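The model shown is predicted, which means the values in this text are computed figures rather than measured ones.
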Amino acid sequence: MIQRAKEALDFSYAPYSDFKVAASLLTTDGMVYTGCNIENAAYSPGNCAERTAIFKAVSEGERDFAAICIVNEDQKGGHGICPPCGMCRQVMMEFCRPDDFYIILAADEDYYEIHTLEELFPLGFGPGNLEG
């Protein structure tokens, strides 16, 4: 997953921040969907890599996800740990089980962290909160 995410960095559109982010999303049946950040001159209409990957998968009928891997490349070409923003965590909450959806934050194949969505988004609000 780390390698697939790193390959998606090539497609990042980050002319304003020059901070590239990419993600690879693993479905429970083994499919992988990638995404990258896409900036916009108006800033707000941009989209994060994680949401790009999730929306791409959902738009193709996928609904069961096991893990996502997130990588980045800064202005100097460096790679570090890049956690998902709040909006991305909320989107993950919509489509993923917080206790067994894994978020891999990777600088490279040798340096990475693995967290559950529940760890990164405690007390998250999701579809279960609306069940009567």
Side-chain angles (χ1 to χ4, degrees):
M1 288 186 66
I2 295 170
Q3 186 58 40
R4 290 288 302 272
K6 286 174 68 176
E7 290 168 4
L9 282 170
D10 290 340
F11 303 109
S12 173
Y13 179 74
Y16 307 106
S17 70
D18 200 26
F19 189 85
K20 298 176 179 181
V21 182
S24 61
L25 176 68
L26 178 67
T27 67
T28 56
D29 63 1
M31 294 288 296
V32 175
Y33 292 83
T34 59
C36 61
N37 61 325
I38 304 166
E39 294 181 347
N40 186 285
Y43 295 105
S44 294
N47 203 45
C48 297
E50 302 91 307
R51 285 182 285 139
T52 299
I54 292 169
F55 294 161
K56 185 190 298 185
V58 169
S59 74
E60 294 185 22
E62 297 287 351
R63 296 289 189 281
D64 296 314
F65 305 111
I68 193 165
C69 177
I70 305 163
V71 300
N72 78 296
E73 183 175 294
D74 65 22
Q75 297 85 346
K76 296 178 182 177
H79 305 276
I81 297 298
C82 184
C85 75
M87 279 197 297
C88 288
R89 294 175 200 208
Q90 183 62 51
V91 169
M92 290 176 196
M93 193 71 189
E94 183 69 23
F95 295 104
C96 308
R97 292 176 304 281
D99 59 336
D100 69 356
F101 178 74
Y102 295 95
I103 301 169
I104 303 162
L105 309 175
D108 57 42
E109 288 86 352
D110 296 318
Y111 179 59
Y112 58 89
E113 300 174 2
I114 301 175
H115 303 274
T116 63
L117 177 56
E118 188 171 57
E119 289 174 315
L120 295 185
F121 201 49
L123 301 175
F125 186 87
N129 295 99
L130 298 176
E131 293 175 357

Quick one: does [X]'s side chain get under 4.5 Å of [Y]'s, heavy atoms only?
X: D99; Y: T116; answer: no
X: C36; Y: K20; answer: no
X: P84; Y: L120; answer: yes
X: F65; Y: L26; answer: no
X: F101; Y: I103; answer: yes

* Asked: Can you check side chain to side chain contact (heavy atoms under 4.5 Å, CB included) on Y102 and H115, steps first, answer last?
  -> CA-CA 6 Å; Y102 295 95; H115 303 274; over 6 Å; no
Solution key, residues 41-49 side-chain donor-acceptor pairs under 3.5 Å, sequence neighbours excluded:
from, atom 1, to, atom 2, distance (Å)
N47, OD1, R51, NH1, 3.1
N47, ND2, T52, OG1, 2.9

Please name the pair of heavy atoms, one in [X] and one in [Y], separated by the smallest distance, quoted to 0.1 Å.
X: A107; Y: I81; result: N-CD1, 4.0 Å
X: M1; Y: I104; result: SD-CD1, 4.1 Å
X: C82; Y: L105; result: O-CD2, 3.5 Å

* Kindly determine whether H79 and V71 satisfy side chain to side chain contact (heavy atoms under 4.5 Å, CB included), including the steps that lead there. => CA-CA 7 Å; H79 305 276; V71 300; 5.7 Å; no
* ILVMFWY cluster membership beyond L130 - transitive side-chain contacts under 4.5 angstrom -> F125
* Asked: Does the distance from a Lys or Arg side-chain N to an Asp or Glu carboxylate O, for E109 and K6, drop under 4.0 Å?
  -> yes
